[in-house]
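Proteins get letters first, then strands, A, B, ... in listed order; numbering begins at 1 in each. Keep in mind that what you see is a predicted model, and the values were worked out from it rather than measured.
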Amino acid sequence: MDTDTPLLDVVNLHTHFFTKAGTVKAVDGIDFSVKPGETLGIVGESGSGKSITAMSILGLIPSPPGKIVDGGIYFKGENLLDKKEKQLRQIRGKEIGMVFQDPMTSLNPVFTVEKQMVETIRAHENFSKKQARDRSLELLNLVGIPDPKKRLTSYPHEFSGGMRQRIMIAIALACNPSLLIADEPTTALDVTIQAQILDLFRRMQRELDMGIIMITHDLGVVSEVCDRVMVMYAGKPAEFSETKNLFDHGKHPYTLGLMNSIPKITPEKHKLEAIDGVPPDLHGLPKGCSFAPRCKHVMESCLNIDPELKEVDNNHHVRCLLYEDSKEAVST
Amino acid sequence: MSLQPDSTPDTDTGTFNNQEHPKTNNLFKESFLRILKSKTSVIGLCIIIILLLTALLAPLIATHSPTDQSIVNRYQPPSVDHWLGTDELGRDIFSRIVFGTRISIQIGVIAVGISMIVGVTLGSIAGYFGRWIDMIIMRVIDIMLAFPSVLLAIALVTILGPSLRNAMIAVGIVGVPQFARLVRSSVLSVKETEYIEASKAIGARNLRTLFGHILPNCLAPIIVQMTLGIGTAILDAAGLSFLGLGAQPPTPEWGAMLSDGRAALQNAPWVVAFPGVAIFLFVLGFNLFGDGLRDALDPKLKD
Amino acid sequence: GCTDDAGSGSDGASDDANAEDQGQADEDEQADEGSDDGNTLIFGRGNDSLQLDPAAVTDGESIYVTNQIYDTLVQYEEEGTNVKPSLATDWEVSDNKLTWTFQLRDDVKFHDGTDFNAEAVVYNFERWTTSAEFTYYGAMFRATDDNPKGIIENVEATDEYEVQFTLSEPNAPFLNTLAMAAFGIASPESIEKHGEDFFKNPVGTGPFIFEEWVPDDSITLTKNEDYFGEAAKVDEVIFRTIPDNGARFMELQAGSIDIMNGLNPQDIQNVESDENLQAIYRPSMNVGYMAFNTDKEGPMSEKLVRQAINLAIDKDELLKLYEGIGKPATNPIPPSMWGHNDDIEDYGYDPEEAKSLLSQAGYGDGMDLVLHTFSNPRDYMPQPKVTAQAIQEMLKDVNINVEIIENDWDTHTSGEDMSYDMKFLGWIGDNGDPDNFLYYLLDKDNATPDAGNTAMYKSNEVHDLLIEAQSEPDQDKRTELYMEAQEIIHEDAPWLPIAHTTPPLAANKNVKNYVPHPTGSEPFNLIEIEK
Amino acid sequence: MLKYIIRRLVMLIPVLLGVSILTFSLVHLIPGDPAKSMLGEKATETQLELLREEMGLNDPYIVQYGNFIGKILQGDLGESIQSKEDIAVEIAQKLPATIELTIFAMILAMVIGILAGVIAAVKQYSWFDNVSMTGALFGVSLPIFWLGLMMIWVFAVELKILPPSGRLASTVELETITNFYLLDSILSGNWGAFKDAFFHLLMPGLALGTIPMAVIARMTRSSMLEVMGQDYIRTAAAKGLKKQLIIFQHALKNAFLPVLTIIGLQFGFLLGGAVLTETIFSWPGIGRYVYQAVLARDYQIVQSTILIIATIFVLVNLLTDILYKYFDPRIKYE
Amino acid sequence: MTPLLEVNHLKKHFPLKNQELFSREKPVLKAVDGISLSVNTGETLGLVGESGCGKSTAGRLMLKLLEPTEGEIYFKGQDITSVQGEQLRKLRQDMQIIFQDPYASLNPRKTIEKTIMEPMKIFNVPKSERQKKLDHLLDVVGLSPQHKERYPHEFSGGQRQRIGIARALALDPELVICDEPVSALDVSIQAQVINLMEELQDEFNLTYVFIAHDLSVVYHISDRVAVMYLGELVEIGDVHEVYNNPQHPYTQALLSAVPEANPDHERERILLTGDLPSPANPPTGCKFHTRCPIAQNICHAEAPRYKRVSENGQMAACHFAKEVVAQGT
Ligand SMILES: Nc1ncnc2c1ncn2[C@@H]1O[C@H](COP(=O)(O)OP(=O)(O)OP(=O)(O)O)[C@@H](O)[C@H]1O
Ligand SMILES: Nc1ncnc2c1ncn2[C@@H]1O[C@H](COP(=O)(O)OP(=O)(O)OP(=O)(O)O)[C@@H](O)[C@H]1O
Ligand SMILES: [Mg+2]
Ligand SMILES: [Mg+2]
């Protein structure tokens, strides 16, 4: 699978916000690639830059104050950053579909589902209204909306959260995109509904051979659907690995902290190991490693040197001074 | 390993990230600082301060007495002696406008004061206690709102007799529904918040909850409405004076000045123009400031 | 049978009239299309008419219009208040001055085609005694609830074209009163036909025929081709209501109206300097004054104080505010009217003397007084608010502090609030008789809050003189009586007489022969528009 | 929906009843005597008393109120005390004048206000945003009577390009059908009259429309800004829709809701503001009519007219509520 | 031993606005529809269920912040169902609540000191004592005394939650209802607060009713757990028993839906079809039958009764749960 050319290749992406209070380096140097048929997970705390990464790919960063200051986003080999708005528009919704976090607010409340689907299809395909409608029905069937004919003319508020998320997915899939970006698609949903949606994602991936970027803060979700994972912290990648490897041999203190701080349903209960401190404020990041103030293994040098992302193992990258020299894992 | 960050006293709480304004822990103080950041509201504030100073120092600023007449010198165009010209009785318009500032401030404050006191009382009672009290109060407010406000004010002044005081009362009464509705809706929304539930949970009584928790949190919109309301009150009162139902001569009330000068619009437009400009500036000042205040106090805009 | 006949006759007549109207309207349209040939006279004024039934209203704006539609038995001369024949060609009065006999024209038809005759006159006078609505009748002929006919005991058609009035007492102004536009003779047919709605369907004998009334906007009249007098020179008259004086003047400047009344004094100079416009002044038969509330306890009941205030006002200075349209008043009666006492000298401006009078009266330390004024200008007081302020300022010099209260006209005249010390008012003569001024404004009979004696001035001497003058047929004798009354009034100073004005009007230069009458209304039949 | 409308209409009854009581009390508290103002200063006391009796002014208030309401319920607005004219007839003439002016002002305010608001929001912080929003702030700070006078001075006195007052020049003939002059001139194909009526509308319309225009512009802008930050706008962009489509369909339709409420309320403001505007521009409408009636103590006119204005106002607000449904399917009428 | 808190057949029906102009029946929303449970001193009862199933409403009913429509509440053996006014206020000393939203639960206009002191002021704790207590509370929740003068907006979510906890503890309550106290927090912060709450429970001998929708969190902190569905309790019991051996199909589905942070662990998932029905219009019979994978006709027709399904008192309301006869009563 390594031989496949990547569908999307993000190189050294820097997206900054220039606000009155100072520059917010929301995304500050990340690299990753997604191959067709692969699911890449991006996890991290709130504000770590996950959504901004996704928005950068689609060229939807509000500007001003936001700006992609450096890097490249190569989609099927072409740099999206060089494209004009009009060309981007042809990629958005057609080549790259996007599903957002909150299904309650992501659909326009004043238009019917039909209108919102048809307009997407017609924006990209040379379809008649009738054809677009048929396609919409097909899609609603695909994402498992019962009685799609009747539901097509309903307004978003007439659907439950899970249904709305299915509709969002249907819209994202409308033009058979080769890449689907899902920004916390299940966070706002109940577990039983979340399970349904995750199941849908797995099915889609199997059936449609897309690349998927799954953004989440839930390691459980990552473990269930992702092939590879990038852990982000304060706008930078902390660790990048194949999913199984990450859970078994996670290395970055933040990754480890994250894993240890979530309660698990295991026969014996043990005390949670919390990560101290608060998530960083991107306005005034400390010099050196941004995780240093909360890190259990902080060293003198951590406060001064911002480490690079290093490959510590096959396809396993970590950005931590602890691993600068050796490839030894730190015992947890 | 030197664990520098650990040496801070509150390890458990994490580093406290508040370098931005370390000393400003009061919401109002902070809002004030935020106001100063907005150009328009600073302009508004400047206008208001200038107006207040003008009112305070009117005798020093005015070049003439505001009531001294000189019938031969009526309708003089602006000149070195009379900066803004003279009116139908040869009084100095500049000086009258300067002294008129006092009247306008008085109108604004008193009229809005009336609207606010009555409106806040009605609105908070309706919002907090709900049910039939709310029903009755809001129906009365609806009835008042169904009345065109200008007509209501005119009717009130005609009943009370035309005078500045009565015009202020009328304008104040006309402004009540706005306050009542505003306060009611903020009380309703604050009432639903968890900290109000918390205050119930810790055993606070109704009055404590209303005055200690709910009303202080409705203050922002009330203050904004007051600022903007002063502008509206001035406009309404000037309108009444324009119709001859407000300030009585020789009070240099701007609306009345404008109305008196109207007969000479063709020959002496300055008599009409300048009081109008004064009203406009006054209202503009409060609108600019009120706008800035609204933005500054709006929790949504807080980062 | 009789009514049927009359009914059908009337119908036929009105059909004719309609046909005529139609024809005329066509002509108008053609004229309009051809060019603005000026055969339509547009008169701009501040208020609309209330009702087009002159006997039912007292507002000048109603009467101004009805004056064009109706004729009276006798009419005023073009200038002044002497009477000349109109519907009546001749009249004589019995020696005891109680019986008046009028010979009527026999060639007059009402606009509805019915004949004008003695019966019609009787009908009108009887109608006016039936309801309190007909204010002027009551006011001029002293009708009361108990005696709805007032001093006119009987009106009788003594012949087809002869009518006889029997009075209960001699009434010197009787003839002059009959010339008032309020006593225009209306068509009995139409009164019956329209009933309640007659006030908006006026039918008279005058030089113009009523055509259309759009309330608050315009009233349109067309020329009466069959007018018995001099036929109108214009085909159509439109009265347009433009409330604001300034706006009306602008309309005149723009040429969309031909004549306007209620010119702001400030605008006179604009008229004078505009080569397309002319200023026209209405001869004065009015007085504007400030009444002292002599009934009120306190300073105003003191003659000395009232005199002092008279002395404290610099009338010449004050009248500068009138922009040349006011003459200082010394007497209640305008100088142009007979009976005016020219010998009385005004108090003059003497603040020092005023102060000493005030000290004498015990008010040397000053006092607070309330002055009631009104908002909208009236002919006799074009700038009430400004005048009040000027007086306020002048009285300040003699230590009198005046609070001005400005009310709308109805509140001002309602008589409910008697708290004033001083009150602005004025009077426009109705019939050119001094009685119409002195008795209504200063007799003790009228010293009630609701009536004309705002000063609440109660002088028995004056009362006796005025009553005597009312029944005195000889004008010279009457003059003497009035002279004496004026002297007493001057001495008692119940008023500060302010001014007699010549209200300014403005017109386009091409308007000719427009001669305003001192009573406030004049027929339009002589007006011409030059091409 | 129909049920909702009926329910709302039923709910109007107590409000309008309240309005009628309030109006009645206010009017009868006003000092002054309609009999006197009717008969004039020359009337005698007996005449006054007779008339008062005849007009029922000597009845107890409750009886007078009962008569008033009783007649209104029969659709009889009574007749003017002063002019004796049937008030319904007069209102039928004056109301169209006011409505025409109000609607003209409202259309002016809406078109300019919404457009300016949308552009200002889309180009936030641009020069257009700054200029139009400063303009809007100026707009809400202007005394309309002053603005009216200044416009008259500039356009009618100095430049002489617009008529200073009235609805139609006296020289222009127009057959009145509906009393909406613009409409009438279209119906009768009288283009000269249309032009003249339109020019007459311009100044008062602008004077009256300025404040609502400013309010609408500001409201539209802030509402648009809020909507533009919503998730569904981001969704629309992510779907690859054109920018105009996003702004004018997706955003504006949502942003229009709060604006709609404002428009309803502003309509009431316009009806009230008409008093001043109509006075200044000699507009023969209902505002001036009722104001003069107050001054003339014409109780009947004041009562009936205010009741009508209030009814129109509440109906307009009901209408905006119903329009809400059209624009926001989420609103359920409960 | 009497339980600290016991509720029987507790119901809360919210009236809905009337749709019809004139209709006889008032529509209601059955937020809580007859739950019975008890909480023992010192234990933590977890309350889980999907969004909108009535967890918060149930919590507020227990505190009498809402008036129950039906049912009884016993606190320390005393019937408090109809306690009102002053008496109710007195009760507040013993029962407190911690809210979900750390941003909305603190009055933005009050300093931390005032917020925490207010309950003490209301219950007339002497001034000197108040100050001492305040310092102690700040200390135990991990805030420094410098923070006293600050306003809520100057704190992070986790810190605010600590303030809310300090306020709840100010009167030394015995029972604390925790309404999703950690759901709004970031994962890394959640653990801090959970640990803190566990410590405080030991220190103050608190009894918690811990409401959450996150099953792992509930599992972690609770001794016993109650599962709610559409305003009803479907299963209750010892947390290990319920999690390891769920008897109600809903509990089973719920547990199987939790994504596990363990890629090695392959599980058989029970996917529920459809959504949670509206509490305004709940299904007949067993409310879960519309989504239940094993539903039969009886489920449609008849509401199941509670069955004892284990020796330790695990109860479930399902027609098909195996009933265990209690031994040795
Ligand atoms: N318009 C903006 N202006 C300034 N800063 C912004 C803006 N949008 C986002 N940011 C900042 O960028 C950072 C990254 O935001 P992002 O939305 O990518 O976080 P996230 O990882 O998606 O968090 P969450 O889990 O809460 O969705 C945040 O610190 C945020 O404050
Ligand atoms: N005051 C109220 N009036 C009407 N309905 C209410 C009220 N409070 C709650 N509800 C309704 O009662 C039901 C249960 O609400 P509740 O808040 O108890 O649920 P929950 O289980 O706490 O949900 P969540 O997990 O979203 O907090 C919901 O459908 C809710 O809409
Ligand atoms: Mg995000
Ligand atoms: Mg809840």
Option that, when pairs with chain B are counted at under 4.5 Å, heavy atom only, ranks first among E86(E), K114(E), K90(E), M120(E)
E86(E)

Which one, T193(B), I196(B), N217(B), V190(B), leads in non-hydrogen pairs under 4.5 Å with chain E?
N217(B)

Could you tell me which residues satisfy ring-ring contact (aromatic ring centres under 6.0 Å, His included) with F210(E), sequence neighbours excluded, listed by chain and number?
none

Crowded around [X] [atom1]? As in, over 12 foreign heavy atoms under 6.0 Å?
{"X": "Q100(E)", "atom1": "CD", "value": "yes"}
{"X": "F211(B)", "atom1": "CZ", "value": "no"}
{"X": "K121(E)", "atom1": "NZ", "value": "no"}

Which portion of I122(E) sits near chain B, non-hydrogen atoms under 4.5 angstrom
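The side chain, not the backbone.
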
Can you tell me which portion of F123(E) sits under 4.5 Å from chain B's heavy atoms? Options are side chain, backbone, both or neither.
side chain

CZ-OH distance between R167(E) and Y195(B), expressed to the nearest 0.5 angstrom
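Rounded to the nearest 0.5 Å, the CZ-OH separation comes to 11.0 Å.
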
If you look at every heavy atom in A220(B) and R109(E), which pair is closest and at what distance?
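Residues A220(B) and R109(E), closest heavy atoms: CB-NH2, 3.9 Å.
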
Test side chain to side chain contact (heavy atoms under 4.5 Å, CB included) applied to E194(B) and D179(E), D101(E), I98(E), N107(E), the passing residue:
D101(E)

Spell out the residues in residues 197-208 of chain B that have some non-hydrogen atom less than 4.5 Å away from a non-hydrogen atom of chain E, in order of number; otherwise answer 'none'.
E197(B), A198(B), K200(B), A201(B), I202(B), G203(B), A204(B), R205(B), R208(B)

